Amino acid sequence: MASNEEPQPSPFYRLPVELVQDILEFIPSVSSLHAAILSCSLVYTVFLDAEETITTTVLLNQIDADVLPEAVMAFKSSQLRPHDADPKCREAILDFVHRNLE
């Protein structure tokens with residue numbers, strides 16, 4: 001490259017946003033998705049525009065369908081506060097048990 005020529009952007013930057021989103025949705029793990037998001041500004045911007053869709057797709061691809069109900073319950077249970085004395089917390093725990101464990 002001659003010294004007076006401007007560096008050309010990567011052809012990746014010319015891809016349609018929808019294609020970049022599709023690529024992100026096929027990433028095999030959340031940790032790999034995180035690395036990809038930090039790799040360049042285009043990927044980061046595309047991720048921000050479709051964060052919920054991309055993250056949900058990657059998670060569903062990463063979690064085997066046979067254990068998905070248990071994964072959802074584990075996530076929901078992580079939001080409970082079992083040591084909180086507030087009656088609403090106790091109600092939330094009882095509701096969780098009634099809906100998921102009976």
Side-chain angles (χ1 to χ4, degrees):
M1 177 166 83
S3 61
N4 59 353
E5 289 182 28
E6 290 288 320
Q8 296 296 313
S10 166
F12 184 75
Y13 282 89
R14 293 193 297 262
L15 292 176
V17 170
E18 297 81 8
L19 184 55
V20 176
Q21 181 177 336
D22 287 346
I23 292 168
L24 290 176
E25 289 176 358
F26 276 97
I27 290 179
S29 69
V30 174
S31 58
S32 297
L33 176 62
H34 183 254
I37 292 165
L38 298 177
S39 69
C40 75
S41 60
L42 172 65
V43 173
Y44 181 73
T45 302
V46 169
F47 174 76
L48 289 180
D49 288 343
E51 181 174 358
E52 187 173 337
T53 301
I54 294 168
T55 304
T56 300
T57 303
V58 170
L59 279 171
L60 290 175
N61 289 337
Q62 189 174 1
I63 298 172
D64 188 82
D66 292 338
V67 297
L68 189 57
E70 288 84 359
V72 170
M73 280 193 293
F75 172 72
K76 287 180 180 178
S77 70
S78 73
Q79 297 174 340
L80 298 173
R81 297 178 306 197
H83 302 292
D84 194 322
D86 185 351
K88 289 183 181 179
C89 292
R90 180 166 171 74
E91 284 180 38
I93 292 169
L94 292 174
D95 183 56
F96 174 82
V97 169
H98 176 72
R99 288 178 184 231
N100 299 289
L101 302 177
E102 288 186 349

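Residue numbers start at 1 and run along the sequence shown. In what follows, every heavy atom counts, from backbone to side chain, and hydrogens, waters and symmetry copies are set aside. Owing to the predicted nature of the structure, the values given are computational and were not obtained by experimental measurement.
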List for me each residue that meets side chain to side chain contact (heavy atoms under 4.5 Å, CB included) alongside P9, sequence neighbours excluded, and say none if there are none.
none
I would like to know whether L94 and E91 meet side-chain contact (heavy atoms from CB on, under 4.5 Å); could you show each step before the answer?
CA-CA 5 Å; L94 292 174; E91 284 180 38; 5.8 Å; no
Residues at least two apart in sequence or cross-chain that pass side chain to side chain contact (heavy atoms under 4.5 Å, CB included) with L19, listed by chain then number, are L15, P16, I23
Determine whether F26 and V17 fall in the same hydrophobic cluster, where Ile, Leu, Val, Met, Phe, Trp and Tyr are linked whenever their side-chain heavy atoms lie under 4.5 Å apart.
no
Between K76 and V72, is there a side-chain heavy-atom distance shorter than 4.5 Å?
yes
Nearest non-hydrogen partners of V58 and L24, listed with the distance:
CG2-O, 3.5 Å
Exactly one candidate in T57, V20, N61 meets side chain to side chain contact (heavy atoms under 4.5 Å, CB included) with E25; the answer is T57
Following the transitive rule for hydrophobic clusters with a side-chain heavy-atom cut-off under 4.5 Å over Ile, Leu, Val, Met, Phe, Trp and Tyr, establish whether V43 and L38 coincide in one cluster.
no
When hydrophobic residues are tied together by side-chain contacts of less than 4.5 Å, even through go-betweens, does L60 share a cluster with I27?
no
Is a side-chain donor or acceptor of S77 paired with a backbone partner of A74 at a separation under 3.5 angstrom?
yes
Single-linkage hydrophobic cluster F75~F96, side-chain heavy atoms < 4.5 angstrom:
no
Could you tell me which residues satisfy salt bridge (Lys or Arg N to Asp or Glu O under 4.0 Å) with D95, sequence neighbours excluded, listed by chain and number?
R99
